[in-house]
There are 2 protein chains.
Amino acid sequence: MAKMRSRGTGLPTLAEVAAKAGVSPITASRALRAVPSVDPDLVERVRKAAKLLGYVPNPAARTLASARSRSVMVLIPALTNQLFIEMFEMIEQVLSARGFEALMGHYHYDQAEEERLIRNYLAYQPCGILVTGFGQSEVSARLLADCGLPRIHMMELAETADVASVGFSQEAAGAAVARHLIERGRRHFAFFGAQLDRRLLQRRDGFQRALVEAGFPPALEIMTPEPSSIALGAAQFSALRQTDPGIDAIFFCNDDLAFGASFEALRQGVRVPETIAFVGFNDLPGADQILPRLTSVRTPRAEIGRCAALRLLALIEGEKPADTRLDLGFELIVRDSS
Amino acid sequence: MAKMRSRGTGLPTLAEVAAKAGVSPITASRALRAVPSVDPDLVERVRKAAKLLGYVPNPAARTLASARSRSVMVLIPALTNQLFIEMFEMIEQVLSARGFEALMGHYHYDQAEEERLIRNYLAYQPCGILVTGFGQSEVSARLLADCGLPRIHMMELAETADVASVGFSQEAAGAAVARHLIERGRRHFAFFGAQLDRRLLQRRDGFQRALVEAGFPPALEIMTPEPSSIALGAAQFSALRQTDPGIDAIFFCNDDLAFGASFEALRQGVRVPETIAFVGFNDLPGADQILPRLTSVRTPRAEIGRCAALRLLALIEGEKPADTRLDLGFELIVRDSS
DNA sequence: CTGAAAGCGCTTACAG
DNA sequence: CTGAAAGCGCTTACAG
């Protein structure tokens, strides 16, 4: 009987559920985990007892005993970009529908913070890993590889086939923007970048390459490592108008920069797209409302989250990975600004 | 020796650290937790051994043994509102600096989802709870009360003294907006609401009360339970211009609605503030950049997160709560739109 | 100031 | 299909 008391928190234990159902704790455990070998009648009885007592399994005990949790480590560069929130919400939805949960961490686009996070979260013995891109430090990369956990990289596409990825080609997206602006008759290009993460640089590379291939000189680059923001976009655009008034097309690495520039253009009376064309990136909420409505590249972040989570679950459940690389593409949404 | 092998994950265990330092596991445990009674030399040795092995405590084992984790349950209505992200990031910062971590959950402003979340997270045996506001279901409220964990409510101020809260008076904020618009000579008021959560209704109540007290009829209410968004603000404003062109001042429950209305006003050529004044809420990024620059109520969400986390840690560490109610106020930022 | 014993609430083999 | 035994990696009393 001593083993029958509730746990410290007052929550009921598996032993109590088992006693109420008249079975052994192991059978109760199996019944609740839907292990197939259990008599359906017993399963029913155990489930009823669990519900009656309001039983919730103790994840600490479960993790300790099995050396594996039902948590998936999800690493995201920042919470301040709605992009990643949309991806994460989808991940959560897929995971929770299958009885898993997300152990989410963000690292302000900082490799050292990411490394610390990985080390900490590994101690929670997650059953799988979802990471953003391939910009990890060497130490992080080693930690991820050595733990041997199923893992999928999101947003970027892997260059080699030995690692699974779900995303789209950032370079191709950059190139598509260049081609669009060229088709629209633009001749003097600028690229606005902030944060300067890996994927942004890939977009820039694609943009520049396509320009050069079409016979244009490379675009003027206005870059800063500080985080992207509306105010920054306004400031960058204002500066550009002073120094390079001849620019007639700008590709912004993120919509918020484009929003800021749009406001500044309105204030200064610079006509968009007549004088200068704007193309943003991500198609964030508001791109379709701002003046002028913003041309932008719609990125499939929710779908990336969904597919990555689904594929990870398949790996966790021992399935063979079919394709290791899933390209979900992107879509150029042409509106009034270009 | 059998007890000395690494754990399933390959991570080193406390026993290994203890062996390397030449002490018992209990002493190693105490040394790493900075229990004061341990010989400084031993602490040093244990720390060195831990660092050498790259030891990270197993949280599952720790939680199971102590019936208490170092996790704080943090409940947030939604991740899609930057407001809560800013509050949460501050909470995280305070917690992690003191060796705690956030177990964050969000519930799409849905009471049932919040209840499920509470039930699940309680199983993780958190050491404290940070919740947003007081709009929980009865069941949720009981779960929170019965677990007996230290708890602080954020954003809203409690009505009774038996529960701790850190926030500001939503009603007072609404009233301040009303008084400002009246001072500016406005006469025909509307209130735009979405989501219709508790705090929004409090702001509305404060707004309406102040209008009535000043001798005006109550404001026209344009309300919808759907989530707040830029597109919604544009649509609501467009509709209002059809039905009630005489309105000369709008208080928006959130800046994104105001942003959408600002775009629509530009499109329709409705002059702000000449024809109609706009006041937003929260002073989100972009409010100072949009055309016209938006008057808004700046809410101290980061400071709320910081103070709430700090006070919770004090409670966790057994301190007596000084004030149970901390009013951090708000600030009306008057810009060009009113 | 340090340690041996017991136990947290589960699950993993191993029997039957 | 079901169960008794052992153990996951820590910490909590309890001794000394």
Side-chain angles (χ1 to χ4, degrees), chain A residues 1-46 50 53 55-71 122-125 127, chain B residues 1-46 50 53 55-71 122-125 127:
Chain A
M1 283 306 280
K3 304 217 54 163
M4 279 281 308
R5 37 185 276 282
S6 308
R7 58 191 181 207
T9 46
L11 297 171
T13 65
L14 183 64
E16 293 175 274
V17 173
K20 178 146 239 147
V23 298
S24 71
I26 315 91
T27 300
S29 167
R30 286 196 269 248
L32 293 173
R33 279 177 298 142
V35 173
S37 71
V38 185
D39 182 331
D41 284 358
L42 292 188
V43 172
E44 185 54 28
R45 256 160 58 199
V46 172
L53 293 170
Y55 173 72
V56 182
N58 180 330
R62 183 172 264 190
T63 300
L64 187 59
S66 66
R68 188 99 317 163
S69 71
R70 308 272 298 172
S71 299
L122 245 21
Y124 283 87
Q125 310 190 161
C127 54
Chain B
M1 284 303 281
K3 306 217 50 162
M4 278 281 308
R5 38 183 275 282
S6 309
R7 58 191 181 206
T9 45
L11 297 171
T13 65
L14 184 64
E16 294 175 273
V17 173
K20 176 146 240 145
V23 298
S24 72
I26 315 90
T27 300
S29 168
R30 285 196 271 248
L32 293 173
R33 280 177 297 141
V35 173
S37 70
V38 185
D39 182 331
D41 283 357
L42 292 188
V43 172
E44 186 55 28
R45 256 160 59 199
V46 171
L53 294 169
Y55 172 73
V56 182
N58 181 330
R62 184 173 263 189
T63 300
L64 186 58
S66 67
R68 189 99 317 164
S69 71
R70 308 271 298 172
S71 299
L122 245 21
Y124 283 86
Q125 309 189 159
C127 54

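All values reported here derive from a predicted model rather than from experimental measurement. Within every chain, numbering begins at 1; the chains are lettered A, B, ... in the order of the sequence lines, protein sequences first and strands thereafter.
Comparing atom distances between the A:Ser66 side chain and each of C:dT12, C:dC1, D:dG3 picks out C:dT12 as nearest. Proximity note for A:Leu14 (side chain, C-beta onward) versus C:dA13, C:dC10, D:dT11: the nearest is C:dC10. Nearest nucleotide to the B:Arg30 side chain, out of C:dC10, D:dT2, C:dT2: C:dT2. Closest to the side chain of A:Ala65, out of D:dT2, D:dC8, D:dT12, is D:dC8.
Residue B:Arg68 contributes atom CZ, which lies 16 Å from atom C1' of D:dC10 at whole-angstrom precision. Rounded to an integer number of Å, the gap from A:Leu32 CG to C:dC10 P is 9 Å. When rounded to the nearest whole Å, the span between CG of B:Asn58 and C1' of D:dG7 equals 13 Å. As rounded to whole Å, 12 Å separates atom C1' of D:dA13 from atom CZ of B:Arg33. Atom CD in B:Gln125 sits about 12 Å away from atom P in D:dT12, given to the nearest Å. Atom CG in A:Leu64 sits roughly 16 Å away from atom P in C:dG7 (whole-Å rounding). The interatomic distance linking A:Arg45 (CZ) with D:dT2 (P) rounds to 9 Å, in whole Å. Atom-to-atom, OH of A:Tyr124 to C1' of D:dC8 comes out at 17 Å; the value is rounded to the nearest Å.
Distances shorter than 4.0 Å separate none of the side-chain N or O atoms of A:Ser37 from OP1 or OP2 on D:dC1.
Each of A:Pro25 and B:Pro25 was matched to the nucleotide of DNA chain C holding its nearest heavy atom; the match closer to the 5' end belongs to B:Pro25. Ranked by how close their nearest DNA chain C nucleotide is to the 5' end, B:Thr27 and B:Ala61 are led by B:Thr27. In this structure, B:Ala60 and B:Ile26 both approach DNA chain D, and ranking their closest nucleotides by distance from the 5' end singles out B:Ala60.
For the pair B:Val56 and A:Leu122, the minimum side-chain heavy-atom distance is 4.5 Å or more. When side chains are defined from C-beta on, B:Thr27 counts as touching B:Val38, because their heavy atoms get closer than 4.5 Å.
Between the side chains of B:Ser66 and B:Arg62, no donor-acceptor pair is found at a separation under 3.5 Å.
When both pairing distances are held under 3.5 Å, D:dA13 makes no Watson-Crick or G-U pair with any nucleotide shown. Base pairing annotation: D:dA4 forms no Watson-Crick or G-U wobble pair, as no partner gives both donor-acceptor distances under 3.5 Å.
One distance of note links OH of A:Tyr55 with CG of A:Leu11; it measures 10.0 Å at 0.5 Å rounding.
For the pair A:Arg45 (side chain) and A:Ala21 (backbone), a donor-acceptor distance under 3.5 Å is present.
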